[in-house]
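Working notes for the structure below.
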Amino acid sequence: MAKVIFAIPSKGRLKTQCEEYLAGLGLKVRQKGGERGYEAYFEGIDDIDLRLLSASEIARGLILGEIDYGITGEDLLRESCDNLEEIAKIHNYLGFGKADVVVAVPNGWIDVQNMADLQEVSAILRANQGVRLRVATKFARLTQSFFNQHHINDYRIIHSGGATEGAPANGISEIIVDITTSGATLSANNLKIIGDGLILSSQAVLAQNLARAKKAPKSKMSEIFK
Amino acid sequence: MPEIRKLLKDKVFEFGGEPAELPSLLPANLVLELTGESLRQRLFFTNDETGRELCLRPDLTIAAALDFIEAKEKEKSYLIEGKIFLSAGQSVKNENYNIGIEEFSLSQNKKREIFLIEKILEALKIAGIKSGKITLSNGGLLKKIIENAAIDDVWKQYLLFAHKNPNQLNQRLTEAKNHKKTRPLALEKSLSLQSDEEASKTVAEVLGLARLAIGATRSASDIALRLKARAAKALANPLPETQAEILGEIIETSGDIASIKKIEELSKKLSIENSQYFEDLRNNFEAISKLAGEDFKTEFQAAKQGRFEYYDGFMFEISSENLLLAMGGRYDGLINVLSGGKKSALAIGAVIRPSVVTQALNGGKNG
């Protein structure tokens with residue numbers, strides 16, 4: 001019998017918080033093989049296939065239609081596609097896993113307070129040095145959308161595999177777009193968030209793939225999220 | 001389609017030059033520097049063995065320019081055909097094959113521009129395109145007008161930064177017109193009373209004392225000059241409404257040959273006298289209009305944002321059934337930019353899109 005596929009993060013604080021949230025819905029997570037096992041199930045529920053995956057795999061799976069429900073960061077979902085509302089439904093914002101996707105520039109750029117200043121700086125750079133402002137980020141889609149809204153065209157995205165905050169100091173980029181919780185790592189790397197540079201206030205969300213929803217078998221999830 | 005391709009190619013290649021095989025893979029950073037992020041989602045990326053990011057060529061001009069930079073010759077004409085790789089747009093089923101000409105030289109007269117369009121038009125007519133529209137523009141027009149207009153230097157600089165983007169330029173005109181004087185920040189005001197050199201030193205000292213980092217690309221001088229410019233802008237009077245309206249009207253001007261005269265008259269209201277420049281634009285228009293004949297409507301647009309920003313002189317697009325069949329223009333600055341200043345050449349080029357020509361011949365329908 002086909003089962004509904006539900007995915008939650010596989011480790012860390014986010015996993016613990018997910019389990020607490022789901023327990024409140026009557027869905028108790030149990031793992032095969034103890035805490036280190038990657039096979040899991042909901043106690044007493046046979047019609048849901050529970051999977052432990054990384055948050056990015058969950059986002060990808062929801063967008064590609066490989067899983068029915070998942071808990072992951074809203075930032076990862078919105079980075080995975082342009083038209084999230086056409087592909088997936090966010091049932092609940094869960095109130096944990098909060099972090100902001102922000103635009104950060106070197107703290108010595110005392111002439112840059114907001115995106116309008118950044119637009120000018122990028123235009124000056126292009127006019128005087130013939131190069132585009134380099135933006136290191138893992139969030140290319142979110143960055144493009146945000147920069148378009150602020151009419152910034154003279155920039156180029158440099159994909160960051162990790163340690164994005166170190167990119168300006170290492171000469172890889174001039175500025176970054178990155179996710180932050182307290183801002184401490186940004187400060188430690190001599191970066192500051194510009195005034196209107198908040199791209200997304202993200203948190204963990206419970207989402208469902210819409211295409212799969214049309215043909216999903218009935219399950220405990222259907223009762224909870226009618 | 002092979003027949004259409006041959007018809008187009010044989011005529012276009014009468015322009016003269018050497019057939020060339022161009023690389024299909026280009027350094028992605030160079031392409032994105034030229035195209036900007038708006039094209040990223042349509043490009044196809046990969047990596048070489050060192051991890052360097054490459055992309056399949058999105059057009060033939062960039063590939064030809066990179067080849068020319070490596071070549072020993074100081075002048076070269078390329079006759080090129082081949083696939084370009086962009087994921088499908090909205091109205092075109094398969095934009096994947098172009099036929100083109102790229103000419104790099106140390107001197108070039110205006111007649112080569114006319115000859116270029118002549119060959120493109122002949123090719124389209126031979127292929128069966130009976131009517132359409134030719135849109136002419138000039139990538140340097142707005143820059144020239146703003147640079148020479150008798151307007152406050154504060155606003156001149158402010159507008160020049162957006163001269164390639166009509167939407168942004170209009171937005172800046174509105175901001176300049178509605179500007180309200182404000183009080184500059186204390187540091188801005190203090191710097192505005194200093195020479196550029198003194199201001200740079202002051203900013204460098206402030207950054208040093210506060211232990212602030214600026215990265216490698218911008219300098220204390222860049223920041224100082226910008227703070228001074230902000231002070232000047234804060235204290236500046238708004239751009240007079242009449243000047244803003246004139247510039248706005250220039251940006252929106254399009255039409256037949258009379259539109260060029262209109263732009264010239266509007267420019268005179270901004271104290272710009274350059275009759276030779278406008279005479280050249282009109283002569284170009286007349287020559288092309290004559291080649292086009294009555295079945296092709298020729299139009300001039302003051303502001304036209306090309307797909308690729310490298311066009312800095314005359315530009316043209318030929319369309320039929322609302323489909324873009326061919327385009328080209330002058331891009332004298334491209335070689336210098338791509339080579340990092342090591343090589344320069346005047347450059348003109350054009351491409352025809354055979355699949356789109358076929359689509360137009362089918363009444364604008366795919367397949």
Side-chain angles (χ1 to χ4, degrees), chain A residues 81-82 104-113 116-137 140-141 143-148 150-159 161 166-176 187-192, chain B residues 28-38 40-41 45 51 53 143 157-158 160-165 167-169 171-172 175 185 187-188 191 203-204 206-208 210-220 222-231 233 305 309 333 336-338 340-341:
Chain A
C81 64
D82 285 323
V105 306
N107 58 14
W109 287 18
I110 53 180
D111 60 327
V112 176
Q113 309 298 329
D117 286 327
L118 198 60
Q119 185 203 39
E120 268 198 21
V121 166
S122 69
I124 292 170
L125 201 63
R126 191 101 199 276
N128 293 348
Q129 297 187 34
V131 294
R132 292 180 191 261
L133 183 77
R134 294 170 302 169
V135 185
T137 184
R141 202 183 296 267
T143 301
Q144 243 181 311
S145 172
F146 192 69
F147 276 46
N148 280 351
H150 289 274
H151 307 289
I152 299 181
N153 303 310
D154 295 316
Y155 73 100
R156 184 158 69 82
I157 286 172
I158 308 291
H159 283 291
N170 292 325
I172 294 168
S173 72
E174 280 72 52
I175 69 171
I176 68 170
S187 292
N189 285 278
N190 299 311
L191 296 166
K192 65 174 183 179
Chain B
N29 62 330
L30 286 180
V31 172
L32 287 167
E33 274 291 331
L34 288 173
T35 64
E37 288 295 330
S38 58
R40 176 183 283 273
Q41 285 172 345
F45 293 94
E53 197 176 35
K143 185 180 177 199
Q157 268 313 306
Y158 187 64
L160 270 174
F161 289 132
H163 78 269
K164 285 209 167 206
N165 187 319
N167 289 338
Q168 218 174 320
L169 188 52
Q171 183 203 346
R172 285 184 174 232
E175 285 167 12
L185 298 175
L187 178 60
E188 290 171 356
L191 292 174
V203 167
V206 165
L207 294 174
R211 299 191 186 204
L212 299 174
I214 58 173
T217 308
R218 298 185 78 209
S219 63
D222 292 330
I223 293 170
L225 289 176
R226 185 148 181 279
L227 287 168
K228 285 184 69 172
R230 271 166 49 140
K233 190 176 156 207
Q305 188 165 8
E309 288 185 10
N336 192 49
V337 164
L338 281 180

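All chains are named by letter (A, B, ...) in the order of the sequence lines, taking the proteins before the strands, and each is independently numbered beginning at 1.
Only the side chain of A:Ala127 comes within contact range of chain B, with at least one heavy atom under 4.5 Å from a heavy atom of that chain. For A:Val105, no part sits under 4.5 Å from any heavy atom of chain B, backbone or side chain. If you measure heavy-atom distances from A:Asp82 to chain B, the contacts under 4.5 Å come from the side chain alone. Using a 4.5 Å cut-off between heavy atoms, B:Leu187 touches chain A through its side chain atoms alone. Using a 4.5 Å cut-off between heavy atoms, B:Gln157 does not touch chain A at all. Using a 4.5 Å cut-off between heavy atoms, B:Gln168 contacts chain A through its side chain alone, with no backbone atom that close. Heavy-atom distances place both the backbone and the side chain of B:Ile223 under 4.5 Å from chain A. Both the backbone and the side chain of A:Ile124 come within contact range of chain B, with heavy atoms under 4.5 Å apart. Contacts between B:Asn165 and chain A at a heavy-atom distance below 4.5 Å involve the side chain alone, from C-beta outward.
The only option from A:Val121, A:Val112, A:Leu191, A:Leu133 that meets the side-chain contact (heavy atoms from CB on, under 4.5 Å) definition with A:Ile175 turns out to be A:Leu133.
Of the possible donor and acceptor atoms, one in the side chain of A:Glu174 sits under 3.5 Å from a partner among the backbone N and O of A:Arg134. Under the 3.5 Å distance criterion, the side-chain polar atoms of A:Arg132 are matched with a main-chain donor or acceptor of B:Leu34. Although no hydrogens or angles enter the test, the distance criterion places a donor-acceptor pair under 3.5 Å between the side chain of B:Arg226 and the main chain of A:Asp111. Checking side-chain atoms of B:Asp222 against main-chain N and O of B:Arg218 turns up no donor-acceptor pair under 3.5 Å.
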Chi angles and distances behind the side chain to side chain contact (heavy atoms under 4.5 Å, CB included) call for B:Val31, B:Phe45: CA-CA 11 Å; B:Val31 172; B:Phe45 293 94; over 6 Å; no
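Nearest heavy-atom pair, A:Ala167 versus A:Ile176, reported as atom, atom and distance to 0.1 Å: CB-CG2, 4.4 Å. Of all heavy-atom pairs between B:Thr217 and A:Gln129, the closest is O-NE2, 3.4 Å.
In terms of heavy-atom pairs under 4.5 Å with chain B, the best-connected choice from A:Lys192, A:Arg141, A:Gln119 is A:Gln119. Comparing A:Ile157, A:Asn190, A:Val131 by heavy-atom pairs within less than 4.5 Å of chain B, the highest count is held by A:Ile157.
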